[in-house]
Amino acid sequence: MLVNALPAKIRGLFRTFYFLPYALSASVMAVIWLMMFDTNAGFLNSMLAKLGINSIPWLTDTPWAWISLIVTTLWWTIGFNMIIFINALNEVPEDFYEAASIDGANAWNKFTKITLPSIRPVMLFIMITSTIASFNIYAQPYLLTRGGPGDTTKVLLINVLDQAFLRKEVGSASAMAIVMALLIIIISIVQFKLTSGRKGEV
């Protein structure tokens, strides 16, 4: 909403700024965040040391490892979702807002009664695709933490691949993959049922 409300001259710059990380490969993304999160010489811990704060084991202890993976994933993928949301916002007819202003609606009423219902299909799309992407997360934990500390960040997809290619148990790996696919389908259906509705309905 904030980016979309910027003047046209700088709006494109901010869109590019937010979308740029999504264009990076997984290996480049991992190198950047390894430099940020390194316990001994990382940028974040260097800044904390200057403030007199002890170093944080970003990638070698929980819950910090999970926090690091979440931050990394959001930074890497949020630009794609932002572009889709901006396109959806631009599709909302201005006539709706003008009519609401004439009726005395404030900014909050416009947001809840016009903006949110109008972009509900896009919100549903983002929710479902983000859920599927979360189940398929692999590069971040593999490149940043190697599934550690211990197995605490060893996500389902890493387990499936280890089962298939390291332990050579293709049958059980296939079963795990099928269960994962069924979970994705079930969760997606539940999300669709809970959030879908007639356009314009709050």
Side-chain angles (χ1 to χ4, degrees), residues 1-26 28-29 32-33 36-37 43-44 47-48 50-51 53 56 58 63-137 139-140 144 155 183-202:
M1 291 287 291
L2 291 174
V3 172
N4 201 47
L6 291 171
K9 292 183 179 180
I10 60 174
R11 189 184 305 159
L13 178 64
F14 274 83
R15 289 183 184 180
T16 303
F17 176 77
Y18 282 111
F19 185 77
L20 188 61
Y22 187 75
L24 299 177
S25 66
V28 173
M29 173 274 301
I32 292 173
W33 285 100
M36 296 287 287
F37 287 131
F43 175 78
L44 292 178
M47 293 297 101
L48 292 176
K50 292 180 180 180
L51 297 174
I53 302 174
I56 294 176
W58 295 105
W64 300 110
W66 274 113
I67 292 173
S68 302
L69 292 177
I70 291 170
V71 170
T72 302
T73 303
L74 287 175
W75 177 83
W76 193 27
T77 60
I78 198 171
F80 175 77
N81 292 341
M82 184 206 68
I83 294 297
I84 295 177
F85 271 123
I86 286 179
N87 289 333
L89 290 171
N90 290 332
E91 292 296 321
V92 181
E94 288 294 331
D95 296 345
F96 291 176
Y97 296 111
E98 293 175 4
S101 297
I102 294 174
D103 290 338
N106 56 31
W108 177 251
N109 289 333
K110 292 178 183 178
F111 178 72
T112 57
K113 302 299 183 182
I114 299 175
T115 304
L116 285 181
S118 297
I119 66 173
R120 172 175 285 176
V122 174
M123 293 175 64
L124 177 60
F125 170 78
I126 293 294
M127 184 184 302
I128 292 176
T129 55
S130 296
T131 300
I132 295 172
S134 298
F135 271 95
N136 289 316
I137 186 174
Q140 299 91 307
L144 292 176
V155 294
L183 283 174
I184 294 173
I185 293 171
I186 292 170
I187 293 174
S188 298
I189 292 174
V190 170
Q191 288 178 327
F192 181 81
K193 293 295 184 181
L194 291 177
T195 59
S196 63
R198 294 188 301 273
K199 190 173 181 181
E201 185 181 272
V202 180

Handout entry: Partner set under side chain to side chain donor-acceptor pair (under 3.5 Å) for Thr115, not counting sequence neighbours
Key = Tyr97
Handout entry: Within 6.0 Å of CH2 in Trp64, more than 12 heavy atoms from elsewhere
Key = no
Practice task
Using side-chain contact (heavy atoms from CB on, under 4.5 Å) as the criterion, list what pairs up with Leu2, not counting sequence neighbours.
Solution key: none
Exercise for the section: Using ring pair (Phe, Tyr, Trp, His ring centres under 6.0 Å) as the criterion, list what pairs up with Trp76, not counting sequence neighbours. Expected result: none
Practice task
Please examine the side chains of Leu13 and Leu6, heavy atoms only from C-beta on, and report whether any two atoms are closer than 4.5 Å.
Solution key: no
Practice task
Would you check, one step at a time, whether the test side-chain contact (heavy atoms from CB on, under 4.5 Å) holds for Leu116 with Arg120?
Solution key: CA-CA 6 Å; Leu116 285 181; Arg120 172 175 285 176; over 6 Å; no
Handout entry: Phe19, CZ: over 12 other non-hydrogen atoms inside 6.0 angstrom
Key = yes
Practice task
State which residues pass ring pair (Phe, Tyr, Trp, His ring centres under 6.0 Å) with Trp66; sequence neighbours excluded, sorted by chain then number.
Solution key: none
Fill in the blank from the handout: One should read off an interatomic distance between Phe17 CZ and Leu20 CG, to the nearest 0.5 angstrom, of 8.5 Å
Practice task
Give, for atom CD1 of Ile187 and atom CD1 of Ile132, the distance between the pair rounded to the nearest 0.5 Å.
Solution key: 10.0 Å
Practice task
State whether the side chain of Ser130 and the backbone N or O of Met127 hold a donor-acceptor pair below 3.5 Å, judged by distance alone.
Solution key: no
Practice task
Mind listing the closest non-hydrogen atom pair of Ser118 and Ile114 along with its distance?
Solution key: OG-O, 2.7 Å
Handout entry: Atom pair CE/OG1 of Met36 and Thr72 - distance to nearest 0.5 Å
Key = 9.0 Å
Exercise for the section: For Phe14, look at atom CZ and say whether over 12 heavy atoms of other residues, nucleotides or ligands are found less than 6.0 Å away. Expected result: no
Practice task
Measure the CZ-CH2 distance between Phe43 and Trp33 for me, rounded to the nearest 0.5 Å.
Solution key: 10.0 Å
Problem - Partners meeting side-chain contact (heavy atoms from CB on, under 4.5 Å) with Asp95 (sequence neighbours left out) - result: Glu98
Please report, to 0.1 Å, the donor-acceptor pairs under 3.5 Å made by any side chain of residues 79-93, with sequence neighbours excluded.
{"unit_1": "Asn87", "atom_1": "ND2", "unit_2": "Ile83", "atom_2": "O", "d": "3.3"}
{"unit_1": "Asn90", "atom_1": "OD1", "unit_2": "Asn4", "atom_2": "ND2", "d": "3.4"}
{"unit_1": "Asn90", "atom_1": "ND2", "unit_2": "Ile86", "atom_2": "O", "d": "3.2"}

Exercise for the section: Might you confirm whether atom CD1 of Ile128 has over 12 heavy atoms from other residues, nucleotides or ligands at distances under 6.0 Å? Expected result: yes
Exercise for the section: Check whether any side-chain heavy atom of Ile189 lies under 4.5 Å from a side-chain heavy atom of Lys193, and answer yes or no. Expected result: yes
Problem - Pairing residues for Trp58 by the side chain to side chain donor-acceptor pair (under 3.5 Å) criterion, not counting sequence neighbours - result: Asn45
Fill in the blank from the handout: For Thr77, the side-chain contact (heavy atoms from CB on, under 4.5 Å) test, sequence neighbours excluded, returns Thr73
Handout entry: Shortest non-hydrogen contact between Thr112 and Pro117, atoms and distance
Key = O-CD, 3.3 Å
Under 3.5 Å, which donor-acceptor pairs link side chains of residues 102-111 to any protein atom two or more places apart or in another chain?
{"unit_1": "Asn106", "atom_1": "OD1", "unit_2": "Trp108", "atom_2": "N", "d": "3.2"}
{"unit_1": "Asn106", "atom_1": "OD1", "unit_2": "Asn109", "atom_2": "N", "d": "2.8"}
{"unit_1": "Asn106", "atom_1": "OD1", "unit_2": "Asn109", "atom_2": "ND2", "d": "3.2"}
{"unit_1": "Lys110", "atom_1": "NZ", "unit_2": "Ser101", "atom_2": "OG", "d": "2.5"}

Practice task
For side-chain contact (heavy atoms from CB on, under 4.5 Å), just list the numbers for Lys113 and Phe96, CA-CA rounded to whole Å, side-chain angles, deciding distance to a tenth of an Å, and then say yes or no.
Solution key: CA-CA 10 Å; Lys113 302 299 183 182; Phe96 291 176; over 6 Å; no
Handout entry: Min side-chain heavy-atom separation Trp75-Ile32 under 4.5 Å
Key = yes
Handout entry: Non-neighbouring partners of Thr131 that pass side chain to side chain donor-acceptor pair (under 3.5 Å), sequence neighbours left out
Key = Gln191
